[in-house]
Amino acid sequence: MAGHDREYNFNEVEEKWQKRWEESNAFLSKKDSAREKYYILEMFPYPSGRLHMGHVRNYTIGDIVSRFLKMKGFNVFHPMGWDSFGLPAENAAIKNNIPPFKWTSDNISYMKKQLKRMGFSYDWTREVATYEPGYYRWNQWMFLKMYEKGLAYKKKAPVNWCETCQTVLANEQAEGGICWRCESEVAQKELEQWFFKITDYAEDLLKGHDELVGNWPEQVLTMQKNWIGRSTGLRINFRLESGEDFPIYTTRPDTVFGVTFMVIAPEHPLLEGVKDKRVRDFIARIKNQSMFDRMSDEKEKEGIDTGLKIINPFNGDIVPLYVGNFVLMGYGTGAIMAVPAHDTRDFAFAKKFGIPVKLVIDNPKSPIDVNTMPDAYVDEGICVNSAQFNGMTNTAAIEKIADFAEAQGFGKREVNFRIRDWLISRQRYWGCPIPMIYCDSCGIVPVPEKDLPVVLPTEVDFKGDSKSPLINMDEYINTVCPKCKGKAKREIDTMDTFVDSSWYYAKFTSPDSKEIYDWGEVHYWMPVDQYIGGIEHAVLHLLYARFFSMVMNDMGILPTREPFTRLLTQGMVIKDGAKMSKSKGNVVDPDAIIEKYGADTVRLFMLFTAPPQKQLEWSDKGVEGCFRFINRIWRFINRNSGLYVAGGAPEGEQLSPALESIRRELHLTVKAVTYDIQERMQYNTAIARMMELVNALYLVDEKEFSTPEGKAVLSEVFSKLLPMLSPFIPHTAAELWDLLGNWSQLHDLQWPDYIESLAKRDEIEIVFQVNGKIRAKEQVSADISKEEMEKLALAHEKVRELTANKNVKKVIVVPGKLVNIVIQ
RNA sequence: GCCGAAGUGGUGGAAUUGGUAGACGCAGCGGACUCAAAAUCCGCCGGUGGCAACACCAUGAGGGUUCAAGUCCCUCCUUCGGCACCA
């Protein structure tokens, strides 16, 4: 073989190409109405200090998509930015006495270097960082717009308080009573806070799923659906003995004749009039329980009889009213009807307090004895003890009873949602100021639009605790009322950082626009065609972002209702079977691996080891395997670079069998790799196919390639293989392309095509089965007919042996695959 | 408890519509090169039996459908994820 082995110096190669791409603005995106756009986005990082493997995987997947589609001719948009407000900066500030602004911007510049070191094809001219006043002024602007529309409001409510984080949290961020950030238990506190009225969009958020089906992971849609928790039921006005209305909500009106008691939430205003000390004490005790304890499955339901009586409007039954710790003030009316015969929880409660059980739905297959039933009967059945509804199936009765209640005027059909409004106030410093002013004479007054942004002071003094330093900043707090010009105070709470990330994807389209967005840009680029990130945001970021997108769409500033057309949730990077974490000591630092093997090897490993949706188990040996593959390509092309002719390819000349076979392999590979990337997003198999091609090249006798036909074949191989490798290992591919003397920029090339007639094997192996068992194999021409296949099979020595003296019942021929002979 | 996904060699993972199970990589074994080693290149590599040709067994377990099942259906087991008093 000609030529010397040049060592694969990945540091030199990667540095060289990164510099070139930067200098030539290789990945800048410009609006171009003539071309089809493709917006690829990965969830932007919180600048915590350095990239971790999860980021590297996430962004590598995005970069493949981006580079591939660019070569496919799309006008690709691939921006990156920083989710740069948040608690870690503040905690670091308290601990190390570094101002959050400095800590954050230092982290950003380091992580930006790391991203560039990976060779990711971002358009950095679009970069946004949420901590910049130029960005968060639009948070504030949106807040004001939403305030005008009644979508932002302040109310006193029991809220989740995290003692460790020293702030309140939204419901989504305190699932199961656990803080999403620090995993400590949250407490309930009664506080006056700012909310976004996401409940107004509950129906839209649910309906929007219809257009996401098939393009979003099923799991994410299910999680959101559960979280939104739509139910249809009936509001029924029961009455107090005093005659006062006592409305409840139920999804089971068919059981209303079986009500034997009612339960009310401890927070219910009706209870304020109750004097009984035992009841008062009970309420006080329950209000002290954390929501987690109250709703915990392990604990038994608690309750106490209030002494009040409730009248059932359907049958005039008078039943006792209990207070129960399991009834939520925030859902329905804060009170429920209880039917022990047909609800397991009510059944247990009734048994505990000796409340009667009344059967109203019977099992048609085996009648139920109410005195001996071991548990509630919750299945379908026939109505009994239900006046004019007796004999109906309970499913029919649901509608009939609702009709009746509506006609009588004591009931109304109602839709309820589990989702609550989004609590966005945070009692912390490092976030976007809420643009509101409190005036003693005018009350709550919004900051006028012209005064935006309300800039968060960056020169702050931490007292070593978690209290917001803004509390002590009189020069910040004290202001004048925009209405009466009198003395007033600013809101010092900041916004949940999930607000920042709820619209950043659209801001990328026009980071420097005078309005929130430049209409032309946002109209051209939105929606995001492919979004990639972790599944942990299924009901957090991904729900909030959809909400914001819909609100902005209704305001007419965003062209699309759904922000993300397709979603890919990538699997975690794990080591030794567990998520990488400092406490487990199994963290692998990307920097160290890049230093040892280079970015291309890391990229290849991230894609080769597992398909994107699955977990990826870290393996040092696996990384070496990828490094070895890159070296194999490097060596082969370096040794044979002299044989390459730009634009060379066979043109009808007779090829030796070896060359003919390589050429077929090449076209087969192009076809398969294209399919794997484009249709399946399965990069591991795409890489495997290219490995097979390289393995095949190594097995060809070197003399074959020195002939004119050999040169032509090899030239064709290089001219297709390197572009295919380019999205995966862009630096190495570019360097080799350069080495071959090509003047073009590899990433600007068209994705290679293949010739259909060559992307087929000319000879195939077919299988002969007898009764479904493989008994023989034979090499045949690929265009063999069914009849010929059957003839060959029956003529085969082995087959004849097995079928001799046997009755051939049936012969099944699968073209190009097999012949199955069924005997006897 | 309910809902969903998954279970394939020593290992990470392939197998597009039911049609040759185990592509590709890692690990392992053998060979070439070398004074030797590393690197590199070549070969072998699911299990059992057999010198071999070959036979039998094998995709969590057990049934079923089919000429043919990793793939479809039923039951069960295990693992992972989500929801668990929302009336």
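Here is the naming used below: chain letters follow the sequence lines, and residue numbers restart at 1 for every chain. Please read these numbers as outputs of a predicted model, since none were measured by experiment. Side chains included, hydrogens not; waters and symmetry mates left out as well; all remaining heavy atoms used.
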Holding to side-chain contact (heavy atoms from CB on, under 4.5 Å), I want the full list of residues that pass it with [X], two or more places apart in sequence or in another chain.
X: Q613(A); result: L568(A), P611(A)
X: K412(A); result: E406(A)
X: E617(A); result: I574(A)
X: A335(A); result: F246(A), I248(A), I264(A), T333(A)

Pairs: protein N or O with nucleotides 67-70 of chain B N or O, under 3.5 Å:
residue	atom	partner	partner atom	Å
rC67(B)	O2'	N820(A)	ND2	3.1
rC67(B)	O2	N820(A)	ND2	2.6

Convert the base pairs of RNA chain B into dot-bracket notation, remembering that pairs crossing earlier ones are written with [ ] and that bases paired across to another strand are shown as |; include only Watson-Crick or G-U pairs under 3.5 Å.
(((((((..(((......[....))).(((((.......))))).((((....))))..(((((..]....))))))))))))....
What residues in [range] put a non-hydrogen atom under 4.0 Å from any atom of RNA chain B?
range: residues 414-421 of chain A; value: R418(A), R420(A)
range: residues 249-265 of chain A; value: Y249(A), T250(A), T251(A)
range: residues 609-629 of chain A; value: T609(A), P611(A), Q615(A), K621(A), G625(A), R628(A)

Classify the nucleic acid contact of [X] as base, sugar-phosphate or nothing, counting any heavy atom under 4.0 Å across all strands shown.
X: L818(A); result: base
X: S231(A); result: sugar-phosphate
X: K809(A); result: nothing
X: E679(A); result: nothing

Give a yes or no on whether the ring-centroid distance for F261(A) and F353(A) is below 6.0 angstrom.
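Between F261(A) and F353(A), the centre distance exceeds or equals 6.0 Å.
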When the ring planes of F636(A) and Y698(A) are compared, do they come out parallel, tilted or perpendicular, using 30° and 60° as the limits?
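Geometry flag for Y698(A) against F636(A): tilted rings.
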Under 4.0 Å protein heavy-atom contacts per nucleotide of nucleotides 42-54 of chain B, with B for base, S for backbone only and - for none:
SS----------S
Please output the side-chain donor-acceptor pairs of residues 622-632 of chain A that fall under 3.5 Å, not counting sequence neighbours, one pair per line with the distance.
residue	atom	partner	partner atom	Å
E624(A)	OE2	Y597(A)	OH	3.4
N631(A)	ND2	F627(A)	O	2.9
R632(A)	NH2	N695(A)	OD1	3.0

Name all residues meeting the salt bridge (Lys or Arg N to Asp or Glu O under 4.0 Å) criterion together with E704(A); count only those two or more places apart in sequence or in a different chain, and write none if there are none.
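E704(A) satisfies salt bridge (Lys or Arg N to Asp or Glu O under 4.0 Å) with no other residue.
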